[in-house]
Amino acid sequence: MQKPSIPKGTRDFGPAQVARRQHIFNVIRRTFESFGFAPLETPTLENLSVLTGKYGDEGDQLLFKVLNSGDFAKDVTADDLATGSKALLPKVAEKGLRYDLTVPFARYVAMNRGTLTFPFKRYQMQPVWRADRPQRGRYREFYQCDADVVGTDSLLCEAEIVLMMAQVLDGLGLHDFTIKINHRGVLRNIYQALGGEGRETDLFVAIDKLDKIGRDGVSKELLERGFSEPTIETLFALLTVEGTYEEKLQRLLAGFVTAGVEPDGVRPTTADVEADSPEPLANYRGLTELAQVRDLLTASGFRQFDRLEFDPTLARGLSYYTGCIFEVKINNVQMGSVSGGGRYDNLTGSFGLPGVSGVGFSFGVDRLYDCLEALDLFTVTGETPTRCLITHFDVASGRAALPLLAELRAAGIPSELYPDASKLQKQFKYADAKGIPLVIIMGPEEAAAGVVKIKIMQTGVERVLPMGEVVAALTAE
RNA sequence: GUAGAUAUAGCUCAGCUGGUUAGAGCGUCGGAUUGUGAUUCCGAAGGUCGUGGGUUCGAGCCCCAUUAUUUACCCCA
């Protein structure tokens, strides 16, 4: 006999876990829909040509590929085998499991461009797969909940992302969170302020690690990558600006002006948004847009600015983001980010639809679950939806209970009849173990008298009711 | 891909310097109570000590290999 097992990085979810996960999904879905996002689902499998090249070399390594059906090796030649996996792969696998929800979404938008009404707002809650090494908060199969808007570059979308992040986390009871926001334009300006020395991506990769490896670690890495010491000094002066959201914007502005950074101008946006923006920031796109997002949040009634932090060190990989970027962490839990996102100006370009601006973000349900568990914040309990268990002792009383069972279900009370005429003790243990709040006792005595005994498990109180009044009494409570 | 840790009952784990028949708690099942759960008492079942080899009079314990799991790095949700 073999030991049963499941692939590493995957999990089974028992009834209690599913109930808790559904609660998380419900909070997210309600929030997304209240902001006008419509649901979309895409296939588990995508063509590999859609997936490869979108996540960098490392991302391609982490894709799960699916062998072709039938004789998958029929096109493989001896040459291919000698050349190695790169030559082999396209001949044996043409499909793969989706790696995220953003790329399939971009593919969908490009394919359906003619029928979509823009701006197009969609949300998507589906599993994704990554052939990663599993560890804390990292799985090979996990759910993402994405919401994206494409076809508008209004900064209202960015502001609403912050609103949705806060609403979901508050709705889950995860009140102690920090939403970090930055802008790729700010990062680019910082790079320019350093005189354009070294490679831009090296710089961002290094500063993204600031909170992890510290200032000394980052300096060391930058020195190794060919940045000079005075440059690194300037960099830290800019990165470590302190103060409120506004103060950091002003201090970075001063830094950019001092360093002689060429203003990159303001991206055209709607007139009223521009009118709200503070004048002195208008020369740098990143700073300006961050100020506008803050103003839109204020106007929307957002009051949690203590939980929104402008963090110039936030870089979020370097994938396709071009504007604002976001990342959310739950405080006092050792867990990676539970949400992240940003604006991309050309996501659908590689699918033949250039110039479509979009902005979106994603929640990691599995990490939210782990955070709620670590902080002991779950309010959803229970192994079963059953609210009422009918117990019985013999075939006759069991049959006599069937009309009542149907009546309870018709009245919207999830109910079950214990299937076997077991000892009453066993039936009660069943109800207790599953957290069923009500037990109806239907024995020969009750059946003969046309009554039932109802016990409220939590209090232990019992009372006798005529059969015909049971549903009315229960629904009245 | 790099580095470390762990592997003993269904679950969580003890097991001393290598020494008789490998233990506990929880869970499961049965009984005390032939019609009452969560509390109490009694009892039972449940083990190839991950796998293979080695050292030894003797290995759960020491050595080697191997597999699985897990943590950290890289990257990410």
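- Across all strands shown, A:Gln61 has no heavy atoms under 4.0 Å from either base or sugar-phosphate atoms.
- Counting non-hydrogen atoms under 4.0 angstrom, A:Ser337 reaches the backbone sugars and phosphates but no base.
- Applying the 4.0 Å criterion to OP1 and OP2 of B:rU33, one finds that A:Lys423 has every side-chain N and O outside that range.
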Q.
What verdict does the ring-ring contact (aromatic ring centres under 6.0 Å, His included) test give for A:Phe32 and A:Phe35, after you've listed the backbone C-alpha separation in whole Å, the side-chain angles of each residue and the deciding distance to 0.1 Å?
A. CA-CA 5 Å; A:Phe32 285 169; A:Phe35 279 77; 8.8 Å; no

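- Heavy atoms of A:Ser339 sit under 4.0 angstrom from primed sugar atoms or phosphate atoms, though from no base atom.
- A stacking contact links A:Phe142 to B:rA77: the aromatic ring centre lies within less than 5.5 Å of the base's six-membered ring centre, and the planes differ by less than 30°.
- A:Gly460 comes within 4.0 angstrom of a nucleotide base, judged by non-hydrogen atoms across all strands.
- Counting only Watson-Crick or G-U wobble pairs whose defining distances are both under 3.5 Å, the stems of 3 or more consecutive pairs in RNA chain B are B:1-7 with B:67-73, B:10-13 with B:23-26, B:28-32 with B:40-44, B:50-54 with B:62-66.
- Ion pairing between a basic and an acidic side chain is recognised when a charged N comes within 4.0 Å of a carboxylate O; A:Asp100 and A:Lys54 show no such pairing.
- Residue A:Tyr123 contributes atom OH, which lies 21 Å from atom P of B:rA77 at whole-angstrom precision.
- Among the nucleotides B:rG35, B:rU69, B:rA72, the one closest to the side chain of A:Gln334 is B:rA72.
- For A:Lys95 and A:Glu46, the salt-bridge test fails: no basic side-chain N is under 4.0 Å from an acidic carboxylate O.
- Rounded to an integer number of Å, the gap from OH of A:Tyr418 to P of B:rU36 is 15 Å.
- With a 6.0 Å cutoff to the six-membered ring centre and a 45° limit on the axis angle, A:Arg29 does not count as a cation-pi contact of A:Tyr123.
- Within residues 125-141 of chain A, the residues approaching RNA chain B are A:Arg130, A:Asp132, A:Arg133, A:Pro134, A:Gln135, A:Arg136, A:Gly137, A:Arg138, A:Tyr139, by heavy-atom distance under 4.0 Å.
- In this structure, A:Tyr143 has its ring center no closer than 6.0 Å to that of A:Phe363.
- Contact of A:Gln425 with B:rG31 (side chain to base): no donor-acceptor pair of N or O atoms is detected under 3.5 Å.
- In this structure, A:Asp432 atom CG and B:rA38 atom C1' are separated by 4 Å, rounded to whole Å.
- Atom CD of A:Gln427 and atom P of B:rU34 are 15 Å apart (whole Å).
- A:Glu416 and A:Thr386 share a side-chain donor-acceptor pair at under 3.5 Å.
- Formation of a donor-acceptor pair under 3.5 Å by the A:Lys248 side chain with backbone atoms of A:Phe310 is found in this model.
- Residue A:Glu327 is classed as having no contact, given no heavy-atom separation below 4.0 Å to the nucleic acid.
- Ring-centre distance between A:Tyr369 and A:Phe378: below the 6.0 Å cut-off.
- Among the nucleotides B:rU36, B:rU69, B:rA77, the one closest to the side chain of A:Lys453 is B:rU36.
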